[in-house]
Amino acid sequence: IKFNYTDNIQKVRKKKSKSWLIRYANNLIIGINNPELVHILKEIISKFFVDRGWFISEKKSKNFSWKIGVKFDFLGWTFNFIKPIKINFIIKPFYKVSKKLNDLFGLYVYPCAYITTIIKSKIKKITSRSNIKLKIIQIIIQLNHLVINWSNYYALAGKQTIIRTGLNFYIWKSTKKFIYYKFRNL
């Protein structure tokens with residue numbers, strides 16, 4: 001029996017629902033604005049995958065309703081859909097304009113919390129006392145390599161100056177401790 005994709009797709013189209021897909025390598029995000037059709041869409045995709053010898057991992061798959069204030073993580077990024085209560089200090093609009101701006105909805109995308117802890121632990125490992133016999137230039141090269149790779153991947157993050165300032169302070173603090181310990185007898 002051959003699975004007919006068009007019949008199920010027609011069901012989705014009759015309900016006048018919109019769906020979207022974001023794919024990166026073997027990771028997918030599929031969104032649909034009608035929660036009743038989630039199971040039909042999942043069935044269509046799983047049949048499509050089975051025909052090609054692929055499968056959907058039940059461990060990694062999850063269904064959730066993405067509403068205002070709900071966050072999700074995807075490939076090291078946190079996606080947060082919010083409606084601002086107040087306009088922040090960056091814009092500083094006039095009072096009359098600020099009432100109109102409160103109706104703005106926004107998608108805020110920034111690096112995940114666990115990614116920042118991972119990079120901090122890598123910095124801590126590079127500047128740890130176990131590397132005390134390495135030359136300073138080797139430590140700097142390792143830190144440069146780590147920071148450049150991280151910055152290239154997260155270059156599109158919003159409020160980049162805040163993220164980099166925090167990272168710069170952490171690197172400064174860690175290297176200061178390392179240098180004080182390395183040259184403590186001088």
Side-chain angles (χ1 to χ4, degrees), residues 20-31 57 59-95 97-186:
W20 48 270
L21 172 91
I22 300 173
R23 182 181 74 83
Y24 180 80
N26 62 349
N27 299 304
L28 295 170
I29 298 177
I30 300 163
S57 172
K59 276 185 184 177
K60 297 179 182 179
S61 299
K62 57 182 167 181
N63 296 333
F64 64 92
S65 179
W66 196 28
K67 298 178 182 175
I68 296 173
V70 176
K71 302 179 206 178
F72 73 90
D73 296 339
F74 182 66
L75 297 174
W77 295 90
T78 298
F79 293 82
N80 191 1
F81 183 58
I82 64 170
K83 178 182 178 188
I85 297 169
K86 271 194 329 190
I87 300 302
N88 61 12
F89 63 91
I90 295 171
I91 299 173
K92 289 189 181 177
F94 295 112
Y95 180 72
V97 177
S98 67
K99 288 182 183 178
K100 294 176 187 173
L101 291 175
N102 282 339
D103 296 333
L104 292 176
F105 290 86
L107 175 64
Y108 292 88
V109 183
Y110 47 89
C112 295
Y114 69 88
I115 293 295
T116 54
T117 57
I118 288 172
I119 193 163
K120 282 183 178 181
S121 67
K122 287 181 181 180
I123 292 168
K124 191 173 186 178
K125 185 178 178 184
I126 290 171
T127 58
S128 68
R129 291 181 180 181
S130 63
N131 291 335
I132 205 73
K133 296 190 180 193
L134 292 176
K135 294 181 180 179
I136 296 294
I137 191 70
Q138 292 173 324
I139 299 293
I140 292 171
I141 289 170
Q142 288 179 5
L143 285 172
N144 277 343
H145 181 69
L146 180 72
V147 170
I148 287 170
N149 288 338
W150 191 85
S151 295
N152 285 341
Y153 186 74
Y154 291 105
L156 301 175
K159 299 189 178 180
Q160 192 59 238
T161 55
I162 296 170
I163 296 168
R164 288 189 186 196
T165 303
L167 188 61
N168 286 343
F169 178 73
Y170 188 79
I171 291 170
W172 175 78
K173 189 171 73 170
S174 300
T175 53
K176 180 181 169 185
K177 273 187 195 177
F178 177 78
I179 289 171
Y180 280 167
Y181 187 77
K182 184 173 177 78
F183 300 109
R184 68 186 180 279
N185 294 330
L186 294 179

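Residues: numbered from 1 along the sequence shown. Please read all numbers here as calculations on a predicted model, not as lab measurements. Note that these values count all heavy atoms, side chains included, but never hydrogens, waters or copies made by symmetry.
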Using 0.5 Å steps for rounding, measure from the [atom1] atom of [X] to the [atom2] atom of [Y].
X      : Y      : atom1 : atom2 : value
Lys173 : Lys120 : NZ    : NZ    : 7.5 Å
Ile118 : Ile123 : CD1   : CD1   : 12.0 Å
Tyr114 : Ile119 : OH    : CD1   : 13.5 Å
Ile139 : Asn144 : CD1   : CG    : 11.5 Å
Thr175 : Ile126 : OG1   : CD1   : 11.5 Å

For [X] versus [Y], what's the shortest heavy-atom pair and its separation?
X      : Y      : answer
Asn131 : Lys125 : ND2-O, 3.1 Å
Lys182 : Lys133 : NZ-C, 4.2 Å
Lys71  : Tyr110 : CD-OH, 3.6 Å
Thr127 : Phe178 : O-CD1, 3.3 Å

Crowded around Arg184 CZ? As in, over 12 foreign heavy atoms under 6.0 Å? yes
**Prompt:** Counting only heavy atoms not in Tyr180, do more than 12 sit closer than 6.0 Å to its OH atom?
**Reply:** no
Practice item. Could you go through the side-chain contact (heavy atoms from CB on, under 4.5 Å) check for Leu167 and Trp150 one step at a time? Key: CA-CA 11 Å; Leu167 188 61; Trp150 191 85; 3.7 Å; yes
Check for a donor-acceptor pair, side chain of [X] on one end and backbone N or O of [Y] on the other, with a separation under 3.5 Å.
X      : Y      : answer
Thr116 : Ala113 : yes
Tyr181 : Ile132 : no
Ser174 : Ile171 : no

Within the 4.5 Å heavy-atom criterion, are Asp73 and Ile115 side-chain neighbours or not? no
Ring geometry between Tyr153 and Trp77 (parallel below 30°, tilted from 30 to 60°, perpendicular above 60°): tilted
Run the side-chain contact (heavy atoms from CB on, under 4.5 Å) test on Ile136 and Ile179 for me, step by step, so that the C-alpha distance in whole Å, both residues' side-chain angles and the decisive distance to 0.1 Å come before the verdict. CA-CA 8 Å; Ile136 296 294; Ile179 289 171; 4.3 Å; yes
